[in-house]
Participant: 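This is the structure, below, for whatever I ask next.
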Amino acid sequence: MVERDDPRRRIAAQRAQRAAQARVRVRRTVTRRDGARCEVDGRWLLNFCGNDYLGLSQQFQVVNALMDAAARDGAGGIASHLVCGHHAAHDALERELADWLQAPRALLFGSGFLANLAVMQALLGEGDACVQDRLNHASLIDAARLAGCRLRRYPHADAEGALRQLRSVPGGAAVLATDGVFSMDGDVAPLRELALVARAQRALLYVDDAHGIGVCSADGRGSVAEARLDVDAVPLQLVTLGKALGGYGAAVVGAADLVEHLAETARPYVYTTALPPSLAAASLAAVQLARREHWRREKLAALVRRFRGAARRHGLDLLPSETAIQPLPCGDDARALAMSRQLEAEGFWVAAIRPPTVPDGRARLRVTLSAVHEEAQVDALVEALARARDRAPATGAATG
């Protein structure tokens, strides 16, 4: 008789452990959205935990583009890009993205996770190395592991640490990978210093700018442009369509030879159905709006300044971030949950972020701001945050 572990017993033990640590996840169902407001479980809440930074997800030109394209071209991508799924809408969006970011080529993917898997799988293998910031998004970490290369991680935002790690893995190809804007801390990577490190070590610098595109730099071209770096310094970068651009999907933008290599060899691209043309049409409209409607970034920046100023006056100790992502550290997982529930009782939706999404002992409320928020809503949120801080227990256990 072969003896094996029972996966259900293991799963039950893991879930019991998560419950004891206040780390059980529960999905919430949104019934309707109206600007910054969401109907959740029959109750309207002000949403301060989404990633619709420019307020484009419900913008009428974007929605009209989606509906018109769906009526004309159908609901699905029907096949992979290399079979018969590559549509004129995809081509137009890729060209627009490349032009916006001043790069030769762009390549669409179904999600940012798939795009990161594609880049690492296509560029790296056994004997190669990927050096990453310790707080990079999970997709970058998983992508390097699945590529079969040596993965080395350096202290957060530490360019000298990146240099040391690259020196520790000589030989083979090397990719230095970082988030542009870190999704849970809201700070920006030291891209100019990392570009110098990559050049000195003959490594390819890859920037996942999911949370920077549309928001960072005066024209919204992201953290790479804000750092005044070009495609020679950053040969590949990730652009998400599902955050500031309000849609779904992603693109890898950069040097023509590298992007063409991805299109021909990257398994997450070759062996998956193309993004529906209607979504590509909607994202094209969103990109065009993001390029010309600078008031969205200006309003968002003003709201960030207002939020941080009000938080400072109320004694709320925020992490150092000038982006739309404004984390409030809580430390204890149960305390973060208690504060999130208190906010919801007052009509605000702010997610509690707990390990393993963030390191142990660094649970937080992740407040995100959008151009659809109003000043009075931001002021009310800060006051509610101060009350939640004062009422939440310093320690304890909770689930949710």
Side-chain angles (χ1 to χ4, degrees), residues 13-26 48-49 51 112-113 116 120 130-146 150-165 168 176-191 193-194 207-212 223 243 311 316-341 343 350-368 385 388-389 392-400:
Q14 291 172 347
R15 195 174 198 285
Q17 182 179 20
R18 291 196 300 273
Q21 296 174 321
R23 294 179 185 174
V24 173
R25 265 75 171 162
V26 177
F48 280 98
C49 57
N51 299 320
F113 211 115
N116 282 337
M120 297 303 173
C130 185
V131 171
Q132 300 199 22
D133 190 292
R134 187 163 294 280
L135 295 187
N136 272 357
H137 191 266
S139 61
L140 282 171
I141 297 165
D142 289 354
R145 288 171 173 162
L146 290 170
R150 293 168 289 177
L151 172 62
R152 299 289 186 272
R153 299 167 73 182
Y154 58 89
H156 178 51
D158 183 354
E160 290 187 4
L163 177 61
R164 289 192 298 271
Q165 290 288 24
S168 75
L176 174 55
T178 182
D179 285 10
V181 174
F182 289 89
S183 59
M184 292 299 122
D185 284 40
D187 57 340
V188 181
L191 294 180
E193 293 88 342
L194 291 173
V207 178
D208 178 340
D209 207 23
H211 295 271
S223 62
K243 295 180 174 62
L316 294 166
D317 188 17
L318 301 172
L319 291 183
S321 165
E322 301 302 322
T323 68
I325 301 165
Q326 293 292 315
L328 176 62
C330 303
D332 182 79
D333 296 8
R335 178 173 171 81
L337 283 171
M339 290 178 66
S340 178
R341 288 176 181 143
L343 288 168
V350 180
I353 306 298
R354 296 156 287 160
T357 306
V358 293
D360 283 332
R362 295 179 62 182
R364 67 201 56 187
L365 297 180
R366 180 182 182 267
V367 175
T368 54
L385 282 167
R389 172 203 58 195
T395 60
T399 60

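Quick caveat, the model's predicted, so the values are computed rather than measured. Each residue takes its place number in the sequence, starting with 1.
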Participant: Side-chain contact, heavy-atom cut-off 4.5 Å: Tyr154 with Leu163?
Facilitator: no
Participant: Step by step, would you call Arg164 with Asp158 a salt bridge (charged side-chain N to carboxylate O under 4.0 Å, His left out)?
Facilitator: CA-CA 10 Å; Arg164 289 192 298 271; Asp158 183 354; 3.7 Å; yes
Participant: Can you see whether Ser223 engages Asp209 through a side-chain donor-acceptor pair at a distance of less than 3.5 angstrom?
Facilitator: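 A pair is found: one side chain offers a donor N or O, the other an acceptor, under 3.5 Å apart.
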Participant: Looking only at the side chains, is there a donor atom on one of Asp208 and Asn136 sitting less than 3.5 Å from an acceptor on the other?
Facilitator: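 No, no side-chain donor-acceptor contact under 3.5 Å.
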Participant: Find the distance between CG (Leu343) and CZ (Phe48) and round it off to the nearest 0.5 Å.
Facilitator: 10.0 Å
Participant: Go through the steps for Val188 and Thr323 under the test side chain to side chain contact (heavy atoms under 4.5 Å, CB included), then give the verdict.
Facilitator: CA-CA 8 Å; Val188 181; Thr323 68; 4.1 Å; yes
Participant: Can you tell if the side chain of Cys330 reaches within under 4.5 Å of the side chain of Met339, non-hydrogen atoms only?
Facilitator: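 Yes; the side chains approach each other to less than 4.5 Å.
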Participant: Let me confirm one number: the NE2-OG1 distance from His137 to Thr178, rounded to the nearest 0.5 Å.
Facilitator: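 These two atoms lie 13.0 Å from each other.
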Participant: Give a yes or no on whether Arg15 atom CZ has more than 12 heavy-atom contacts from other residues, nucleotides or ligands under 6.0 Å away.
Facilitator: no
Participant: Which atoms form the tightest heavy-atom contact between Leu140 and Ala177, and what is the distance?
Facilitator: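 Shortest heavy-atom contact: CD2-CB, 4.4 Å.
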Participant: Assess whether side chain to side chain contact (heavy atoms under 4.5 Å, CB included) is satisfied between Arg153 and Leu151, documenting all intermediate values.
Facilitator: CA-CA 7 Å; Arg153 299 167 73 182; Leu151 172 62; 4.3 Å; yes
Participant: Step by step, would you call Arg366 with Val350 a side chain to side chain contact (heavy atoms under 4.5 Å, CB included)?
Facilitator: CA-CA 7 Å; Arg366 180 182 182 267; Val350 180; 5.9 Å; no
Participant: Give me the atom names and distance for the closest heavy-atom approach of Arg354 to Ala22.
Facilitator: NH1-O, 2.6 Å
Participant: So, for Arg335 and Arg389, which heavy atoms are closest and what is the spacing to 0.1 Å?
Facilitator: NH2-O, 3.1 Å
Participant: Taking Ser321 for the side chain and Gly186 for the main chain, is one N or O donor matched with an acceptor at less than 3.5 Å?
Facilitator: yes
Participant: Please find the pair of heavy atoms, one from Ala162 and one from Leu194, that lie closest to each other, and give the distance.
Facilitator: CB-CD2, 3.9 Å
Participant: Are the side chains of Lys243 and His211 in contact, using a 4.5 Å heavy-atom criterion?
Facilitator: yes
Participant: Working to the nearest 0.5 angstrom, can you tell me the gap between Ile353 CD1 and Ser183 OG?
Facilitator: 9.0 Å
Participant: Roughly how far, to the nearest 0.5 Å, is the SG atom of Cys130 from the CZ atom of Arg150?
Facilitator: 11.5 Å
Participant: Per the salt bridge (Lys or Arg N to Asp or Glu O under 4.0 Å) rule, which among Arg23, Arg25, Arg364 passes with Asp333?
Facilitator: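 Only one of Arg23, Arg25, Arg364 forms a salt bridge (Lys or Arg N to Asp or Glu O under 4.0 Å) with Asp333, namely Arg23.
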Participant: Can you see which heavy atom on Pro320 is nearest to which on Asp187, and at what distance?
Facilitator: O-CB, 3.9 Å
Participant: So how far is it from Ile141 CD1 to Leu146 CG, rounded to the nearest 0.5 Å?
Facilitator: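 It comes to 12.0 Å.
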Participant: Compare all side-chain heavy atoms of Leu135 with those of Met184 and state whether any distance is below 4.5 angstrom.
Facilitator: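 No - every pair of side-chain heavy atoms lies 4.5 Å or more apart.
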Participant: Has Ser168 got a side-chain atom pairing as donor or acceptor with Gln165's backbone, closer than 3.5 angstrom?
Facilitator: yes
Participant: Using every non-hydrogen atom in the two residues, find where Asp317 and Leu328 come nearest and quote the distance to one decimal.
Facilitator: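 Taking Asp317 first and Leu328 second, the nearest heavy atoms are O-CD1, 3.7 Å.
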Participant: To the closest 0.5 Å, what do you measure between CG (Leu316) and CG (Leu385)?
Facilitator: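 Going from the CG atom of Leu316 to the CG atom of Leu385 covers 6.0 Å.
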Participant: Quick one: do Gln326 and Thr368 satisfy side chain to side chain contact (heavy atoms under 4.5 Å, CB included)? Show the steps, please.
Facilitator: CA-CA 6 Å; Gln326 293 292 315; Thr368 54; over 6 Å; no
Participant: Please find out if less than 6.0 Å separates the ring center of Phe182 from that of His156.
Facilitator: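 Centroid separation for Phe182 and His156: below 6.0 Å.
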